[in-house]
Protein chains: 2
Amino acid sequence: MSLPHAILTALLEKPSSGLELTRRFDKSIGYFWSATHQQIYRELGRLEGEGLIRALPTEQPARGQKKSYEVLPAGRAELARWTAASQDPKPARDALLLRLRAAAVVGTEGIAADLRHHLALHQRQLAEYQEIEERDFGFGTDSAQARLHHLVLRAGIDLETFWIQWLTHALGEFEQLPAESG
Amino acid sequence: MSLPHAILTALLEKPSSGLELTRRFDKSIGYFWSATHQQIYRELGRLEGEGLIRALPTEQPARGQKKSYEVLPAGRAELARWTAASQDPKPARDALLLRLRAAAVVGTEGIAADLRHHLALHQRQLAEYQEIEERDFGFGTDSAQARLHHLVLRAGIDLETFWIQWLTHALGEFEQLPAESG
DNA sequence: GGCCGTTGTGCAACTAGTTGCACAATCGGT
DNA sequence: ACCGATTGTGCAACTAGTTGCACAACGGCC
């Protein structure tokens, strides 16, 4: 239920074509709501059909031509409605923790390597977030918008930090484990 | 791709009927891989069809009768295979962070109340985890199995702690924000 | 002994996200 | 002028998870 709202938010921040949206998702909104270009195009079509957004006028609206969208008043209203409405959190799903649980029964083979892999990914992500923080929120950010964006970024940073700590701890535990435990 | 493996794990820990599985998911494996009873029944049917589990023999196998399943060797092998194989982490999806981002554009109305709601839920969850930790891992847990289970629980505890801290911080920020920021 | 809540199993339809591919336009080299 | 890589848009089929409902059996209760 959230992809359309992610797109509306992105389009309000800046009207864009499908590909531009895809790129921006990859390095901003996508950090906490990822989407592939196929999803985005499909959703743009739907939103246009519902009258929430519209394609900006262009000379040659043909296949393979850039087509930009902007949010219409109805779209903004819908986003405001959705944002204000309370939502229950989605139930958690974490395959890595599930695998650890499975490993307790069928053996830990292969897990340690993957923990290291995850650790590397989280370290990379954290570095990326920290770069953004330095670049965009270096000092005295004061507008309400900037504060909210910073808040979201903080969540990302702290979350990555948590994972890095936990994975490091987990790898330590693994070294003390007998070679096979299934 | 993980629900069948979650079920295999649970069944290896203890053969169970659909309802028993549902209950155990609610207070153990479901903490990081939730599933409804409908999903579980459907998946049990599939797993049985694939020869990975089988129904324990019973006198009256009729509707409304308890039917327990156990894992067959093929099922254990499949679980071992899945556990050992490396997997890429799923892209993140967090509606609350998305809403904050949307709020930066269309206004923060309604958000603070929901942050408080989430905070309460996470506090409750943390308390539950801590209770389990005291009950099951009070002191000197040494078997490899227990250590792995504890490790997973630790992840849960630290994750809830992170959310509680972040939400508390976020609520603090909100108090300093102008009443309307869209 | 009929009613009702609980336990237990299950199907069908729907929604959301993923994967795999198709195809047009543009640009740079040759 | 042609060719292939890149940019940009999009459909179709599939997989996973959710929602809503149906229905049988059991256990008490009045």
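Numbered from 1 within each chain, the chains take letters A, B, ... in sequence-line order. Just so we're clear, the structure is a prediction, and the values are computed from it rather than from any experiment. Computation of the quantities below employed the complete heavy-atom set of this structure, encompassing side-chain atoms and omitting hydrogens, waters and symmetry-equivalent molecules.
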Using heavy atoms to find the nearest nucleotide of DNA chain D for B:Arg42 and B:His37 separately, return the residue whose nucleotide is more 5′.
B:Arg42
5′-ward residue of the pair A:Pro91/A:Arg23 relative to DNA chain D
A:Arg23
Nearest whole Å is fine: how far is [N] [atom2] from [X] [atom1]?
| X | N | atom1 | atom2 | result |
| --- | --- | --- | --- | --- |
| B:Phe25 | D:dT18 | CZ | P | 12 Å |
| A:Leu21 | D:dG10 | CG | C1' | 15 Å |
| B:His5 | D:dT15 | NE2 | P | 15 Å |
| A:Glu20 | D:dT6 | CD | P | 20 Å |
| B:Leu47 | C:dT9 | CG | C1' | 16 Å |
| B:Asp88 | C:dG17 | CG | P | 20 Å |
| A:Gln39 | C:dG20 | CD | C1' | 14 Å |
| B:Ile40 | C:dT9 | CD1 | P | 11 Å |

For the residue pair [X] and [Y], categorise the inter-ring angle as parallel (less than 30°), tilted (30 to 60°) or perpendicular (more than 60°).
| X | Y | answer |
| --- | --- | --- |
| A:Trp163 | A:Trp166 | perpendicular |
| A:His37 | A:Tyr41 | perpendicular |
| A:His5 | A:Trp82 | parallel |

Side chains of B:Glu160 and B:Gln123: does their closest heavy-atom pair fall under 4.5 Å?
no
When you check the phosphate oxygens OP1 and OP2 of C:dG10, does a side-chain N or O of B:Lys67 lie under 4.0 Å from one of them?
yes
Look at the side chain of B:Gln38 and the base of D:dG20, then say whether one donor and one acceptor between them are separated by less than 3.5 Å.
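Such a pair exists between side chain and base.
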Pairwise 5' ranking along DNA chain C for B:Arg93 and B:Leu19, keeping only the more 5' one
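Between the two, 5'-proximity favours B:Leu19.
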For B:Tyr41 and A:Ala35, find the nucleotide of DNA chain C closest to each by heavy atoms; which residue's nucleotide sits nearer the 5' end?
B:Tyr41
Trace of the salt bridge (charged side-chain N to carboxylate O under 4.0 Å, His left out) decision for B:Lys90 with A:Asp94
CA-CA 8 Å; B:Lys90 286 261 146 169; A:Asp94 189 301; over 6 Å; no
Have a look at B:Ser17 and say if it touches a base, only the backbone sugar-phosphate, or nothing, with a 4.0 Å heavy-atom cut-off.
sugar-phosphate
Reckon A:Arg46 touches a base, only the sugar-phosphate, or nothing at all at heavy-atom distances under 4.0 Å?
nothing
